[in-house]
Amino acid sequence: MLKVIVCDSYEEMSKEGAKVIADQLKAKADSVLGLATGSTPVGMYKCLQEMNKAGEISFKDVTSYNLDEYYPLAPTHDQSYRYFMNANLFDHVDIDKSRTHVPNGLAKDPAEEGKAYDEAVAAAGGIDVQVLGVGQNGHIGFNEPEEELYAGTHLTNLTDNTIEANARFFASKEDVPTQAITMGLATIMQAKKILVLASGANKHAVVKKMVEDDRITTQIPCTVLKAHKDVILVCDKAAYNG
Ligand code: GLP
């Protein structure tokens, strides 16, 4: 079941998203969170930092698994998703960093890394809430539009469209890695609850595909979320109305 909350602004979307995570942490202090990168959740992470500082929530007993990481890219690279998570959340809250996980962008054997990552998620009891953004092409994590999608965490090629969209963070388009390790569709769908954030008119087309009809297509990976029983989409008016 997809529940939709349409907010007036990016700021309101960020607050609503943070509320979902805060409620989860209040109900279960040792929650396992699935976390996402990209520009969309930055505001939500900021709200969570403030709630943590105010003593409203704690990350002390939280375990986290991030969706994806560029490959090959060192965790110390300022565009790595490990770096992003430290800078946007982990360095500013009371989380135990040894319990935060991001796929290893330097793994010698990415297939083995993927398998071990899924096993670790399962051993942690599975993900309680998975945060997701969506790509302009409907990708979730780095599961790009394809005829066939992967179930488990795996190495994937990035589409030109995604490389183009993410080039703004790198010195040049040529510097964007062409591959990534990403959770697969089963890894994502096995989360008990999924929180999708979408902001801006450039996400309208895929948001519409998620909410407006009943079809699922691997060519727009986020439509697979319709098969999950507890998804909440928090978006702003621009993403919802175009
Ligand atoms: C990135 C990430 C996704 C993210 C998406 C949208 O490439 N792999 O997890 O949701 O693309 O990014 P943004 O929020 O910057 O629009």
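Every value quoted in this text rests on a predicted model; they were computed, and no experiment measured them. Ligands are counted one by one from 1 in listed order, and the atoms in each one are counted from 1 as well. Values reported hereafter were calculated over all heavy atoms of this structure, with side chains retained and with hydrogens, waters and symmetry mates removed. Residue indices begin at 1 and follow the sequence shown.
Here the protein heavy atom with the shortest distance to atom 4 (C) of ligand 1 is Thr37 O, 4.1 Å. Nearest protein neighbour of atom 5 (C) of ligand 1, counting heavy atoms only, is His139 NE2, 3.5 Å. What sits closest to atom 15 (O) of ligand 1 on the protein, heavy atoms only, is Ser39 OG, 2.7 Å. When hydrogens are left out, the protein atom nearest atom 8 (N) of ligand 1 is Asp68 OD2, 2.9 Å; that is the closest non-hydrogen contact. Nearest protein heavy-atom neighbour of atom 7 (O) of ligand 1: Asn166 ND2, 2.9 Å. Looking at atom 12 (O) of ligand 1, its nearest protein heavy atom turns out to be Gly38 CA, 4.0 Å.
Here is the list of ligand 1 atoms found below 4.0 Å of a heavy atom in Tyr81: 1 (C), 2 (C), 7 (O), 8 (N). Residue Thr40 approaches ligand 1 through these ligand atoms, each under 4.0 Å from one of its heavy atoms: 13 (P), 14 (O), 16 (O). Residue-ligand proximity, Val134 to ligand 1, at heavy-atom distances under 4.0 Å covers atoms 6 (C), 10 (O). Less than 4.0 angstrom separates some heavy atom of Gly133 from each of these atoms of ligand 1: 10 (O). Within ligand 1, counting atoms from 1 as listed, the ones closer than 4.0 Å to a heavy atom of Arg168 are 15 (O).
Using a 4.0 Å cut-off between a side-chain N of Lys or Arg and a carboxylate O of Asp or Glu, Lys193 and Asp230 qualify as a salt bridge. Electrostatic pairing of Glu50 and Lys46 does not count as a salt bridge here, judged by no charged N lying under 4.0 Å from a carboxylate O. Under the 4.0 Å criterion applied to side-chain N and carboxylate O atoms, Asp91 and Lys97 are assigned as salt-bridge partners.
Every heavy atom of Met183 sits 4.0 Å or more from the atoms of ligand 1. Residue contacts with ligand 1 include Lys203, since one or more of its heavy atoms lies under 4.0 Å from the ligand. Within the structure, ligand 1 has Gly141 among the residues with a heavy atom less than 4.0 angstrom away.
Any N or O atom pair closer than 3.5 Å counts here, and Thr162 shares no such pair with ligand 1.
Looking at Leu158 and Tyr70, their side chains come closer than 4.5 Å, going by heavy atoms from C-beta outward. Residues Leu155 and Tyr71 have side chains in contact (heavy-atom distance under 4.5 Å, counting atoms from C-beta outward).
Within the 3.5 Å criterion, the main-chain N or O of Leu33 finds no donor-acceptor partner in the side chain of Asp128.
One distance of note links OG of Ser31 with NZ of Lys26; it measures 12.5 Å at 0.5 Å rounding. Rounding to the nearest 0.5 Å places OG1 of Thr153 at 11.0 Å from OH of Tyr65.
Residue Leu48 is tested with Ile57, Asn88, Val93 for a side chain to side chain contact (heavy atoms under 4.5 Å, CB included); the sole match is Ile57.
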| task | Take Asn137 and Glu144, measure what side chain to side chain donor-acceptor pair (under 3.5 Å) needs, and give me the verdict at the end. | result | CA-CA 8 Å; Asn137 61 4; Glu144 298 278 31; 2.9 Å; yes
